[in-house]
Amino acid sequence: MPTTSTVPFPRFKLPNIGRFPHLLGRDAAIFRRFLDTPRAQQYIGFDFDIKVGIYAKDAIQNPSPDANLLAGTLAKRIDAVAFIDQNTLDLIEVKDSNIANALGQLLTYKQLFQDTYPNLTVDHLLIVTEKQDPDLQPLVQQFGLQIAIV
């Protein structure tokens with residue numbers, strides 16, 4: 001199975017997720033802990049390393065080798081998506097620190113995701129991390145993001 005899919009779908013299912021394309025080291029360990037939470041158990045499946053933006057959209061609409069190469073090197077990448085059902089999902093960014101970075105990424109990625117995959121619906125934006133950042137809590141609430149501390 002290739003490490004990434006052209007269009008996200010719930011191809012990785014619990015409990016059989018062995019590795020996470022695009023998540024390495026500490027981020028992979030944090031995500032593995034997230035998979036043991038009740039929230040993660042509610043999803044029907046996951047997909048990883050989701051390409052979004054103009055390069056991803058071009059590769060979907062014109063799947064030539066050149067377009068796929070550009071998508072693979074220049075597209076923005078979402079760490080993971082978690083499917084609630086076949087068409088509805090949560091966007092996930094995993095960070096061991098620098099939650100501010102994840103906040104900005106998710107706000108950007110939501111718009112790019114909706115433009116790239118208009119047939120899929122984003123329900124929540126979720127930051128998975130191991131520590132809270134109280135300075136960012138007002139922004140997290142203002143923009144409707146969610147944080148899972150694991």
Side-chain angles (χ1 to χ4, degrees), residues 1-60 63 68-133 136-137 139-141 143-150:
M1 178 181 312
T3 59
T4 61
S5 46
T6 304
V7 176
F9 67 99
R11 65 188 177 137
F12 295 94
K13 303 192 187 306
L14 289 175
N16 300 318
I17 302 176
R19 64 185 194 89
F20 322 113
H22 191 66
L23 293 175
L24 303 171
R26 195 166 174 108
D27 288 349
I30 291 168
F31 193 74
R32 188 164 307 286
R33 289 196 308 268
F34 170 72
L35 292 179
D36 290 332
T37 68
R39 179 173 187 158
Q41 303 296 316
Q42 295 176 16
Y43 294 117
I44 65 166
F46 299 84
D47 207 347
F48 301 94
D49 193 27
I50 307 304
K51 296 173 186 74
V52 294
I54 190 139
Y55 297 105
K57 195 172 180 178
D58 286 348
I60 293 166
N68 288 332
L69 178 62
L70 288 173
T73 57
L74 298 175
K76 310 292 185 285
R77 295 167 183 257
I78 300 169
D79 286 343
V81 294
F83 282 83
I84 298 161
D85 61 38
Q86 287 294 110
N87 299 308
T88 308
L89 50 85
D90 292 346
L91 302 183
I92 300 174
E93 276 300 305
V94 182
K95 293 283 187 250
D96 66 336
S97 60
N98 199 354
I99 297 170
N101 209 17
L103 191 150
Q105 284 176 289
L106 282 172
L107 292 175
T108 301
Y109 292 163
K110 179 181 182 186
Q111 183 61 47
L112 292 174
F113 186 92
Q114 290 171 325
D115 186 50
T116 307
Y117 308 105
N119 294 334
L120 296 172
T121 302
V122 175
D123 194 26
H124 296 104
L125 304 177
L126 177 63
I127 299 169
V128 176
T129 187
E130 58 188 0
K131 47 190 143 181
Q132 183 69 269
D133 185 338
L136 296 178
Q137 196 57 40
L139 287 172
V140 167
Q141 291 174 342
F143 291 109
L145 279 75
Q146 298 179 354
I147 296 181
I149 309 288
V150 295

Got [X] and [Y] here, is their nearest side-chain heavy-atom distance under 4.5 Å?
X	Y	answer
Leu139	Leu103	yes
Phe46	Phe31	yes
Ile30	Val128	yes
Ile60	Thr116	yes
Val122	Asp90	no
Thr129	Ile149	yes
Gln86	Ile44	yes
Tyr117	Pro8	yes

Quick check: Phe20 with Phe48 (ring centres under 6.0 Å apart)?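 Phe48 vs Phe20: aromatic centres under 6.0 Å.
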
Take Leu14 and Gln41, measure what side chain to side chain contact (heavy atoms under 4.5 Å, CB included) needs, and give me the verdict at the end. CA-CA 7 Å; Leu14 289 175; Gln41 303 296 316; 3.8 Å; yes

Kindly determine whether Tyr109 and Phe113 satisfy ring-ring contact (aromatic ring centres under 6.0 Å, His included), including the steps that lead there. CA-CA 6 Å; Tyr109 292 163; Phe113 186 92; 9.8 Å; no

Can you pull the salt bridge (Lys or Arg N to Asp or Glu O under 4.0 Å) pairs that have at least one residue in residues 115-133, sequence neighbours excluded?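 Only Arg26-Glu130, Arg33-Glu130, Lys57-Asp115 qualify under salt bridge (Lys or Arg N to Asp or Glu O under 4.0 Å).
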
Working to the nearest 0.5 angstrom, can you tell me the gap between [X] [atom1] and [Y] [atom2]?
X	Y	atom1	atom2	result
Lys51	Thr73	NZ	OG1	10.0 Å
Phe83	Thr88	CZ	OG1	9.0 Å
Leu145	Gln137	CG	CD	10.0 Å
Leu89	Leu120	CG	CG	5.5 Å
Thr108	Glu93	OG1	CD	10.0 Å
Gln42	Ile84	CD	CD1	9.5 Å

Between Arg32 and Asp27, is the closest basic N to carboxylate O distance under 4.0 Å?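 Here Asp27 does not pair with Arg32 in a salt bridge, since their nearest N and O are not under 4.0 Å apart.
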
Please test Val52 against Ile78 for side chain to side chain contact (heavy atoms under 4.5 Å, CB included), starting from the C-alpha separation and ending with a verdict. CA-CA 8 Å; Val52 294; Ile78 300 169; 3.7 Å; yes

CD1 of Ile54: more than 12 outside heavy atoms within 6.0 angstrom?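 Atom CD1 in Ile54 is not packed in, count stays at 12 or less.
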
CZ (Phe34) with more than 12 external heavy atoms under 6.0 Å: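 Buried by this count: over 12 neighbours within 6.0 Å.
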
Just checking, is any N or O donor in the side chain of Gln105 or Lys76 under 3.5 Å from an acceptor N or O on the other one?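 No, because no side-chain N or O of Gln105 sits under 3.5 Å from a partner of the opposite role on Lys76.
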
Test side chain to side chain contact (heavy atoms under 4.5 Å, CB included) on Gln146 and Arg39; report intermediate values, then the result. CA-CA 12 Å; Gln146 298 179 354; Arg39 179 173 187 158; 2.6 Å; yes

From the options Ile92, Ile147, Val140, Leu91, select the one residue that forms a side chain to side chain contact (heavy atoms under 4.5 Å, CB included) with Leu125.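 For Leu125, the side chain to side chain contact (heavy atoms under 4.5 Å, CB included) check succeeds only for Leu91.
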
So which of Asp79, Asn101, Leu106, Val94 actually passes side chain to side chain contact (heavy atoms under 4.5 Å, CB included) with Ile127?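 With Ile127 as partner, Asp79, Asn101, Leu106, Val94 yield a single side chain to side chain contact (heavy atoms under 4.5 Å, CB included), made by Leu106.
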
Can you see which heavy atom on Ala59 is nearest to which on Asn68, and at what distance?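 That would be CB-OD1, 3.5 Å.
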
Looking at every non-hydrogen atom in both residues, tell me the closest pair between Pro10 and Gly45 and how far apart they are.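 The pair with the smallest heavy-atom distance is CB-CA, 3.7 Å.
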
